[in-house]
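Nothing here was measured: the structure is a model prediction, and the numbers come from that model. In what follows, residues are counted from 1 in the order of the sequence shown. Every number for a ligand or one of its atoms is a count from 1 in the order of the listing.
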Amino acid sequence: MAEVSIRPKPNGPYLIEGPVDIYDTAGNKLATDDRPRIALCRCGASSNKPFCDGTHSKIGFQAAEVINPESAEPQT
Ligand code: FES
C-alpha cells in the first residue's frame, strides 16, 4: 500500500492522505503538518489556493471523472 494517496472527490477537490510536503511557487513550505488529510482545489475558484474552501459546490464545478489514458504521462 502506498504511503501517500491522491484521490479526486466527485466534482470536488483532490484529497491527499499521507505524509506530503506542499510548497508555494516561491519555495515556501505550506503548513500542513496538523492535517491528516489535505484537499487541493481542482476547480480553480478557491479563495484559499492551493487548498479547497468549498467554493466548487457554489459554482457547480463539473470535473472530468474519467481518466483520459492519452493524457497520462508515460511510465519510465
Ligand atoms: S475544488 Fe473546492 S474550491 Fe476548488
H56 near atom 2 (Fe) of ligand 1: N/O/S under 2.8 Å: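 Yes, since at least one N, O or S atom of H56 sits under 2.8 Å from atom 2 (Fe) of ligand 1.
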
With rounding to the nearest 0.5 angstrom, report the [atom1] to [atom2] distance, [X] to [Y].
| X | Y | atom1 | atom2 | answer |
| --- | --- | --- | --- | --- |
| L40 | K49 | CG | NZ | 12.5 Å |
| I16 | R7 | CD1 | CZ | 12.0 Å |
| K29 | D21 | NZ | CG | 4.0 Å |

Residue D53 vicinity, atoms of ligand 1 by number, heavy atom under 4.0 Å: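 By the 4.0 Å cutoff, the relevant atoms are 3 (S).
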
Least distance between heavy atoms, T32 atom then V20 atom: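 Closest approach of T32 to V20, heavy atoms only: OG1-O, 3.8 Å.
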
Metal check, atom 4 (Fe) of ligand 1 vs C52 N/O/S, cut-off below 2.8 Å: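 No, C52 does not qualify, because none of its backbone or side-chain N, O or S atoms lies under 2.8 Å.
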
Atom 4 (Fe) of ligand 1 reached by C41 (N, O or S, under 2.8 Å):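 So C41 counts as coordinating atom 4 (Fe) of ligand 1, yes.
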
Any donor-acceptor pair under 3.5 Å from N48 side chain to D53 backbone: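 Side chain of N48 to backbone of D53: no pair is present.
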
For atom 1 (S) of ligand 1, the protein heavy atom that lies nearest, with its residue and separation: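 Scanning the protein heavy atoms, the shortest distance from atom 1 (S) of ligand 1 goes to R42 N, 3.2 Å.
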
